[in-house]
*Asks:* 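First, the structure itself, so that you have it in front of you.
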Protein chains: 2
Amino acid sequence: MNTDFSTILRSLNLKITPKRIAILDILMNESSYLSPEEIWTRMKKQFRSVGLPTIYRNLEELSERNIISKVTHPNRQLYYYFCANRSHHHHFVCLSCRNVEDINFCALDELRREVKRKHNGKVISHILQVNGYCRNCLNKEGKDNEI
Amino acid sequence: MNTDFSTILRSLNLKITPKRIAILDILMNESSYLSPEEIWTRMKKQFRSVGLPTIYRNLEELSERNIISKVTHPNRQLYYYFCANRSHHHHFVCLSCRNVEDINFCALDELRREVKRKHNGKVISHILQVNGYCRNCLNKEGKDNEI
DNA sequence: ACTTTAAATAGAACTCATTTCTATTTAAGT
DNA sequence: ACTTAAATAGAAATGAGTTCTATTTAAAGT
Ligand SMILES: [Zn+2]
Ligand SMILES: [Zn+2]
Ligand SMILES: [Zn+2]
Ligand SMILES: [Zn+2]
C-alpha cells in the first residue's frame with residue numbers, strides 16, 4: 001500500500017510525507033465520503049500533533065490533481081472520498097450512510113453537443129451527481145435517513 | 001408583472017410583501033446568477049431599510065419551493081437565478097459573465113435505472129450542471145475569463 | 001553521512017459568508 | 001378596525017475554511 005501512495009505522490013511531484021500518506025490511507029480504506037474534521041479526528045489518533053490546515057491543504061491539493069474527489073453536499077460543507085476508478089465517471093451518493101458508488105454513465109458528449117449547437121459555447125467542466133439512499137439504508141426502512 | 005408575482009406567492013402560501021416582490025423582480029430581470037449580497041445592494045436602492053437576513057431567508061424559501069434555482073459554484077458561495085422554464089431541465093453556466101442558459105437534456109431516467117439495477121438504491125435528487133464559456137465570452141477571446 | 005533548499009507543517013489568529021436571536025412591524029383574514 | 005401569525009430590521013453570533021509566520025522536514029546534491 002505504502003509503496004502505492006509513494007508512487008502516486010512522486011508522480012505528482014509531491015513530497016512523500018507521513019501526513020500525506022495517512023490522509024490517503026484513511027480515504028482509501030473508507031467507502032464513505034469524509035469531512036476534513038473527520039479526517040483530522042482520525043489523524044490525531046496517529047500523530048501527536050497535526051494541524052487542521054494541513055488536512056485542508058492536502059485534501060485540496062489531492063483533489064486538484066484528481067487523486068480524490070469532492071462531494072457536492074446539500075449542506076455545502078466539504079467532503080472528500082477516494083475512488084480507485086481512474087476513468088471518467090460519476091457517483092451515486094447515499095444521503096444517509098454516505099456510501100459512494102460509481103455510476104458508469106456520463107452524458108458529457110451529448111451535453112457538449114447541445115451547448116455547442118444551441119448556445120455556441122464551450123464546455124469546461126460538468127457536475128453530475130445522484131443523491132439517494134443505498135440498499136442498506138432502504139432496508140433499514142428510513143431509520144437514520146437524515147441528510 | 002406584479003400580478004404575476006402575487007399569483008405565484010399566493011399559490012405558495014407566502015405573504016405578498018414588497019421585499020419578496022422586489023427580490024423576484026430583480027432575479028427575473030437578470031439573465032445572470034446573483035449572490036445574496038448583490039441582490040441586497042440592489043434592494044438598498046429601492047428601500048430605505050432592508051436587512052441582509054431577509055434576502056437570505058427569502059432566497060432560501062423561494063428555492064426550496066422551486067421558484068428560483070441555486071448555482072453550484074466552485075467558490076462554494078450561494079448564487080441564485082430565476083428561470084421561467086417550469087419543466088425539469090438543467091443549465092449551462094458561463095464562468096466568465098455568469099450567464100445562464102437552459103439545457104433541455106436530462107439523463108435522470110437512465111441514471112435512475114442504473115442506480116436501481118446495479119445498486120438497488122433509490123434516487124432522491126440529482127445535480128447536473130455544465131460550466132463553460134458562452135458565445136459572447138468566447139468572442140471576447142478570453143478577456144475577463146475568471147471563475 | 002553532511003549540507004542545502006524549497007516544500008510542508010503546527011499553531012495561533014483571522015475572515016467573512018451565513019445564521020440566529022429578539023423586538024417590532026405588517027399582511028391578510030375576521 | 002381587530003387579531004394573529006408571518007415577516008422584517010438590526011445587532012450579534014457562528015464556524016467552516018483560510019492566512020500567517022516561525023519551525024521542521026523531505027530529498028537532492030556533495
Ligand atoms: Zn467513483
Ligand atoms: Zn461526466
Ligand atoms: Zn433554466
Ligand atoms: Zn435532471
Side-chain angles (χ1 to χ4, degrees), chain A residues 2-3 5-24 26 33-65 67-68 70-80 147, chain B residues 2-3 5-24 26 33-65 67-68 70-80 147:
Chain A
N2 201 304
T3 335
F5 295 142
S6 302
T7 312
I8 293 175
L9 293 176
R10 220 185 320 268
S11 74
L12 297 168
N13 290 315
L14 292 174
K15 288 188 178 176
I16 298 159
T17 68
K19 308 283 163 77
R20 276 211 179 102
I21 290 174
I23 290 173
L24 280 171
I26 288 168
Y33 52 89
L34 296 173
S35 71
E37 289 230 19
E38 285 162 346
I39 294 167
W40 190 38
T41 302
R42 299 188 189 193
M43 294 284 281
K44 282 186 287 191
K45 286 170 188 157
Q46 298 181 46
F47 298 92
R48 63 197 310 279
S49 83
V50 54
L52 191 48
T54 298
I55 312 291
Y56 274 96
R57 186 174 5 87
N58 276 293
L59 290 171
E60 183 56 26
E61 280 165 355
L62 293 169
S63 90
E64 262 175 13
R65 290 164 164 82
I67 304 306
I68 60 176
K70 282 182 190 179
V71 168
T72 302
H73 200 277
N75 74 6
R76 305 184 344 99
Q77 285 179 217
L78 284 171
Y79 295 97
Y80 294 92
I147 295 180
Chain B
N2 201 306
T3 335
F5 296 142
S6 302
T7 312
I8 292 174
L9 293 176
R10 220 185 319 268
S11 73
L12 297 168
N13 291 316
L14 292 174
K15 287 188 180 178
I16 299 158
T17 69
K19 308 281 164 77
R20 277 210 179 103
I21 290 173
I23 290 172
L24 279 172
I26 287 168
Y33 53 87
L34 297 172
S35 71
E37 288 230 22
E38 286 162 347
I39 294 166
W40 190 39
T41 303
R42 299 187 189 194
M43 294 283 280
K44 283 187 284 192
K45 287 172 187 156
Q46 300 179 44
F47 298 92
R48 62 196 312 276
S49 85
V50 54
L52 190 48
T54 298
I55 313 289
Y56 273 94
R57 187 173 4 86
N58 276 292
L59 290 171
E60 183 55 28
E61 280 164 355
L62 293 169
S63 88
E64 262 175 14
R65 290 166 166 83
I67 304 306
I68 61 176
K70 282 182 190 179
V71 168
T72 301
H73 199 277
N75 73 7
R76 309 188 338 102
Q77 286 180 217
L78 284 170
Y79 294 96
Y80 294 92
I147 295 179

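Below, chains carry the letters A, B, ... as their sequence lines are ordered, and counting in each starts from 1.
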*Asks:* Just how far, in rounded Å, is P of C/dA17 from OH of B/Y56?
*Replies:* 7 Å
*Asks:* Starting at CD of B/E60 and ending at C1' of C/dT18, how long is that distance when rounded to a whole Å?
*Replies:* 11 Å
*Asks:* With heavy-atom distances below 4.5 Å as the criterion, would you say the side chains of B/L78 and A/R76 are in contact?
*Replies:* yes
*Asks:* So which heavy atom on A/W40 is nearest to which on A/L52, and how close?
*Replies:* NE1-N, 3.5 Å
*Asks:* Side chains of B/R10 and B/T7: is there a donor and an acceptor less than 3.5 Å apart?
*Replies:* no
*Asks:* Report the distance from atom OH of A/Y80 to atom P of D/dA16, rounded to the nearest whole Å.
*Replies:* 14 Å
*Asks:* What is the separation between atom CZ on B/R76 and atom P on C/dC16, rounded to the nearest whole Å?
*Replies:* 16 Å
*Asks:* C/dA17 C1' sits how many Å from A/N75 CG, rounded?
*Replies:* 15 Å
*Asks:* Parallel, tilted or perpendicular: which fits the ring planes of A/Y33 and A/Y79, with parallel below 30° and perpendicular above 60°?
*Replies:* perpendicular
*Asks:* Which residues satisfy the salt bridge (Lys or Arg N to Asp or Glu O under 4.0 Å) test with A/K19, sequence neighbours excluded?
*Replies:* none
*Asks:* When the distance from CH2 of B/W40 to P of C/dC16 is rounded to whole Å, what number comes out?
*Replies:* 15 Å
*Asks:* Can you tell me the distance, in whole Å, between the CG atom of B/L9 and the P atom of C/dA28?
*Replies:* 9 Å
*Asks:* If the threshold is 4.0 Å, N to carboxylate O, is there a salt bridge linking B/K70 and B/E64?
*Replies:* no
*Asks:* Please enumerate all protein N or O atoms sitting under 3.5 Å from an N or O of nucleotides 6-10 of chain D, with distances to 0.1 Å.
*Replies:*
residue: D/dA6; atom: O4'; partner: B/K15; partner atom: NZ; Å: 3.3
residue: D/dA7; atom: OP1; partner: B/R20; partner atom: NH1; Å: 3.0
residue: D/dA7; atom: OP1; partner: B/R20; partner atom: NH2; Å: 2.8
residue: D/dT8; atom: OP1; partner: B/T17; partner atom: OG1; Å: 2.9
residue: D/dT8; atom: OP2; partner: B/R57; partner atom: NH1; Å: 2.7
residue: D/dT8; atom: OP2; partner: B/N58; partner atom: ND2; Å: 3.1
residue: D/dT8; atom: O3'; partner: B/K19; partner atom: NZ; Å: 3.2
residue: D/dA9; atom: OP1; partner: B/K19; partner atom: NZ; Å: 2.2
residue: D/dA9; atom: OP1; partner: B/S49; partner atom: O; Å: 2.8
residue: D/dA9; atom: OP2; partner: B/G51; partner atom: N; Å: 2.9
residue: D/dA9; atom: OP2; partner: B/T54; partner atom: OG1; Å: 2.4

*Asks:* Please report the distance, rounded to the nearest Å, between CD in B/E37 and P in C/dT15.
*Replies:* 16 Å
